[in-house]
Structures are given as structure tokens and as C-alpha cells.
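Starting from 1, each residue takes its place in the sequence as its number.
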Amino acid sequence: MGNRVGIVGAGYVGLTTGACLAHLGHHVTCVDNDRSKVDSYAEGEIGIAEPGLGDLVREGLAEERLGFTTRLAALDKSDVVVLCLPTPMGRDGTADLGSVEAVLRELGSVIPPDCVLVTKSTVPVGTAARLPALLGRDDVPVVSNPEFLREGHTVSDFLAPGRILIGSAPEFRDAATRVAGLYAGLDAPVLHTTAESAELAKYASNAFLAIKLSYVNTLAELCERVGADIGEVTHTMGLDDRIGTAFLTPGPGWGGSCLPKDTSELLGLAEAAGVDLPLVRDAVRVNSRQSASMVRKIRIAATGTADGSLAGARVGLLGLTFKAGTDDLRNSPALGIAAELAHQRAVLTAHDPAVSRGPDWLTTTADPYRVAEDADVVVVLTEWPQFRDLDWAAIAATTRRPVVVDTRNLLNDRILAGTGIRRIGVGS
């Protein structure tokens with residue numbers, strides 16, 4: 001018999017956690033304060049572009065192991081309660097725990113004394129130690145269990161994880177063992193650490209990925225200056241198993257819901273502790289200038305000169321999400337570039353296979369070929385693989401200028417050979 005698990009917060013992480021734990025045999029109740037979301041999920045309609053997640057939700061509902069409600073009181077018989085609440089970046093750059101604190105004030109009078117409280121949300125180091133006081137209870141053990149889920153791969157990452165990280169104070173080690181039991185049957189190493197180590201490991205992991213991405217974007221700039229090819233350079237680097245191939249592709253910058261806020265929180269933590277993290281700080285700085293670099297490429301392609309005006313220039317955009325495989329526009333570098341182009345009074349038409357409607361200042365279309373009509377330049381902003389399969393000869397034929405700025409290096413000479421379209425990539 002599985003555990004009775006409560007999930008507080010049914011966003012990407014909470015919904016995936018709930019559906020996957022139900023799939024593993026637990027009885028899961030997901031709580032969210034958005035009534036329309038809860039009603040939709042209860043009907044098996046998730047509205048999130050996440051492969052396999054809808055099927056798992058419907059499976060859990062059909063087998064009566066997964067339920068949804070707006071009532072925290074429904075968690076009064078839970079064995080484990082998992083916090084999957086948003087911790088956005090506050091005005092000072094650190095994580096805003098307002099949602100977590102608000103829930104804890106109510107949750108303290110709900111959960112039974114033998115329940116384990118788990119933080120799966122990405123929270124500042126030291127949060128697990130603070131939760132009993134915020135909860136108003138000293139009889140509820142707190143365990144840190146950070147998530148390492150990639151949007152577009154959340155289900156596969158949960159069910160086939162690279163590691164399961166569980167942190168706790170020494171007096172809560174039995175509770176940590178109970179949390180590890182939630183994942184019984186999964187083939188992955190289980191790491192037991194202090195709560196502080198677990199909390200910091202999540203920030204450290206994301207910051208390292210940000211550093212790697214900013215490094216390769218800087219290398220791409222160097223390649224353009226000295227006549228090297230970033231693809232050849234990174235291929236050589238990736239063959240060294242100490243480096244690997246992941247996160248070695250240049251692009252328009254990193255974004256999404258995690259890397260920007262997590263690098264900011266880590267820098268704030270380090271400053272408060274009297275530690276300088278210049279590598280992380282420089283990674284953020286490099287990323288902040290990457291958008292301007294891409295806009296410069298687009299201006300040259302559309303006007304023929306680096307200082308030409310984009311006012312009235314027609315720009316077709318392929319991709320708006322922060323990466324392929326998701327419908328998430330949060331902190332999307334693609335959307336940031338589009339906003340700057342709009343600010344410079346370019347006329348924009350965009351297509352993204354996962355986005356039916358963008359901001360009001362942006363014209364979107366379900367037809368990728370429409371973005372090329374009378375365009376001065378077509379720009380690939382998100383690495384959707386289906387963009388490779390477009391009829392690029394047809395696109396070239398409908399543009400004013402047959403040129404594509406490929407900010408993701410998604411296309412190549414083989415794809416564009418004979419189409420009459422010129423490609424401007426990154427790092428070559």
C-alpha cells in the first residue's frame with residue numbers, strides 16, 4: 001500500500017510530482033488555489049505542453065490514486081506533504097518565499113503530527129531549518145528534496161532520474177528515509193545529505209549550467225572574430241568526458257523559470273556570506289548582453305548595415321518559447337529579442353508550434369510560412385526541430401531579402417543548399 005501524499009502547488013513541478021507518485025502507487029491529493037486549474041486537472045485536461053504528463057494524470061484519476069482540490073484541509077490525513085510552490089525572484093534579486101510562508105501559516109493547523117513536510121520548491125539555503133517555526137509546530141520533521149526536472153522532459157526526468165537528493169537534519173534522518181521510500185522502484189542513486197547541502201546543490205547545479213552556456217556564447221563571439229567555427233570547437237571539447245556535450249550549443253541567451261532566479265539567489269547568498277562568486281556574476285553579465293548581440297545580427301541582415309534603422313523593417317520570427325519542447329514563455333530570450341525589435345519599431349510576425357497567442361504587441365500565426373511573407377529577414381529564435389523540415393526554398397521565394405538569422409545554429413548548409421537563402425549563424 002502506498003503512502004498518502006499531499007502536494008501543495010500544482011504547477012509544472014507539483015503536477016508532475018503528483019502524477020508520477022500516483023503512477024508509483026501512492027495516493028496523491030494535489031492542492032492549488034486556482035479553482036479553474038483544479039477543475040481542469042480533475043477532468044484530465046492539463047493545458048501544459050509536457051510529453052506524457054496528461055496520460056499520467058488521466059491514469060491517476062481513472063485508478064483513483066490522484067485527486068485535485070483547493071482545500072488544504074484535505075491533507076489532514078497525509079503521511080507526507082510536499083511543497084511545490086513558486087519561489088520567484090523578488091525585487092532585491094533573492095527568492096520570494098511569500099507563497100511558502102502563506103501556506104505554512106494555514107498548513108500548521110492541518111497536518112497530523114506523524115506527517116513529514118518536504119520542500120521540493122527551490123528555496124534559499126536554510127529554509128528547511130526555518131520551516132518548523134513558520135509552521136508553528138515542533139513535531140513535524142522537515143526534509144529537503146529538490147527537483148531536477150527539465151521542462152519538456154519532466155516525466156522522464158522524474159521516473160528515470162540521474163539522482164534523488166534528500167537532505168535533513170540528523171534528528172530527521174528517519175523522516176528522510178521515509179521520503180526516500182516514495183521513490184522505491186526507481187533505478188537511481190539516493191543521496192542523503194544535510195538540508196543545507198541539498199538546498200545549495202540545486203542552486204549550484206543551475207548556476208553551473210548558466211556558466212557553461214555563457215562560456216560557449218562568449219566562445220562563439222571569439223570564433224566570429226578570429227575565423228574559427230564554434231561547431232568544430234565545441235565538438236572537439238565535447239569528446240572530452242570531463243566536459244561532455246551538454247550545454248555546449250551557443251544561442252540567444254539562457255532564460256526560463258529557473259536559471260535567472262537561481263543565479264540571482266546564489267549571488268545574494270554568497271554576498272551575505274562574504275563570498276565572491278565572479279564566475280556566476282560574469283555568466284549573468286554575459287547573458288544580459290547576448291540579446292543585444294543577436295539584435296545586431298538581425299539589424300545587419302535586415303538593413304545591410306550595423307547602424308541601420310529597423311523602423312518598418314519586416315521581421316519573421318520562428319520560435320517564442322525559451323526552449324523547444326515547452327510552451328513556457330517565462331524569461332524567454334526569444335521573447336526578449338522580439339520585444340527589443342518591437343521597441344526599435346520593426347514589424348514582427350511570429351510562429352511557435354506551442355504558442356497560439358503571444359503578447360498584444362506581437363502578431364502570431366499558426367502558419368510558419370506566413371512569417372516569411374515580404375520579410376526583410378527571418379529569424380530562428382527557438383530550436384524547434386520541425387523548423388529544419390520547412391520548405392526553405394519556398395520561404396526564400398516569399399521574402400524581400402532571402403536571409404535567415406539562425407540564433408540557435410539549428411540549420412546547416414545541407415538543409416539550405418539550393419534554396420537561395422543565406423544563413424547567418426552564431427560563432428562562425
Side-chain angles (χ1 to χ4, degrees), residues 8-9 13-14 17 80-87 89 93-97 100-101 104 115-135 138 140-150 157-158 160-184 186-212 242 244 246-247 257-281 283-284:
V8 184
V13 173
T17 300
V80 178
V81 169
V82 185
L83 301 180
C84 299
L85 295 161
T87 55
M89 183 164 57
T94 61
D96 182 354
L97 295 182
V100 174
E101 293 172 355
L104 289 175
C115 180
V116 179
L117 184 63
V118 177
T119 58
K120 189 166 280 292
S121 306
T122 303
V123 293
V125 178
T127 298
R130 293 177 52 215
L131 289 197
L134 294 172
L135 193 67
D138 59 8
V140 175
V142 177
V143 173
S144 176
N145 177 216
E147 53 85 13
F148 296 95
L149 306 178
R150 300 166 298 162
D157 285 349
F158 192 102
R163 73 285 207 198
I164 297 168
L165 179 58
I166 299 173
S168 69
E171 63 268 27
F172 296 151
R173 186 58 187 260
D174 288 344
T177 300
R178 289 171 58 189
V179 174
L182 296 176
Y183 300 93
L186 298 185
D187 183 17
V190 178
L191 310 178
H192 287 275
T193 69
T194 65
E196 291 80 5
S197 291
E199 290 164 341
L200 181 55
K202 176 58 189 290
Y203 286 112
S205 296
N206 279 351
F208 184 79
L209 297 178
I211 291 170
K212 200 171 182 182
R242 297 170 301 174
F247 286 75
S257 63
C258 294
L259 296 192
K261 73 178 183 66
D262 290 354
T263 50
S264 179
E265 170 64 29
L266 185 61
L267 286 170
L269 170 69
E271 181 179 0
V275 176
D276 189 20
L277 288 180
L279 290 177
V280 179
R281 188 173 58 250
V284 173

Keeping Thr87 on the side-chain end and Thr122 on the backbone end, is there a donor-acceptor pair under 3.5 Å?
yes
If you look at every heavy atom in Ala95 and Glu265, which pair is closest and at what distance?
N-OE1, 2.7 Å
Residues Leu97 and Pro124: closest non-hydrogen pair is CD2-CD, 3.7 Å
Asp187: which residues meet the salt bridge (charged side-chain N to carboxylate O under 4.0 Å, His left out) condition with it, sequence neighbours left out?
none
Any donor-acceptor pair under 3.5 Å from Ser264 side chain to Pro260 backbone:
no
Take Glu101 and Arg130 through the salt bridge (charged side-chain N to carboxylate O under 4.0 Å, His left out) test and state the conclusion after the steps.
CA-CA 10 Å; Glu101 293 172 355; Arg130 293 177 52 215; 3.4 Å; yes
From NE2 (His192) to CG (Leu165), nearest 0.5 Å:
10.0 Å
CD1-CG distance between Ile164 and Leu182, expressed to the nearest 0.5 angstrom
9.5 Å
Looking at Lys202 and Glu147, would you say the former's side chain and the latter's main chain have a donor-acceptor pair under 3.5 Å?
yes
Within the distance-only criterion (no hydrogens, no angle test), does the side chain of Lys261 pair as donor or acceptor with the backbone N or O of Asp96 below 3.5 angstrom?
no
Tyr183: partners by ring-ring contact (aromatic ring centres under 6.0 Å, His included), with sequence neighbours left out:
Phe158
Got Leu83 and Leu131 here, is their nearest side-chain heavy-atom distance under 4.5 Å?
yes
Would you name the heavy atoms of Ala198 and Pro146 that are closest together and state the gap between them?
O-CG, 3.4 Å
If you look at every heavy atom in Ala129 and Glu196, which pair is closest and at what distance?
CB-OE2, 4.4 Å
Working to the nearest 0.5 angstrom, can you tell me the gap between Phe208 CZ and Asp262 CG?
15.5 Å
Going from OG1 on Thr193 to CD on Glu199, what distance comes out if it is rounded to the nearest 0.5 angstrom?
9.0 Å
Smallest separation among heavy atoms of Ala128 and Ala195, with atom names
CB-CB, 3.7 Å
So CD1 of Ile211 and CG of Asn206: to nearest 0.5 Å the spacing works out to 11.0 Å
Looking only at non-hydrogen atoms, find the nearest pair between Phe247 and Lys212 and report the distance.
O-CG, 3.6 Å
Step by step, would you call Leu104 with Leu117 a side-chain contact (heavy atoms from CB on, under 4.5 Å)?
CA-CA 10 Å; Leu104 289 175; Leu117 184 63; 3.9 Å; yes
Could you measure the distance from the OG atom of Ser121 to the CG atom of Asn145? Nearest 0.5 Å is fine.
11.0 Å
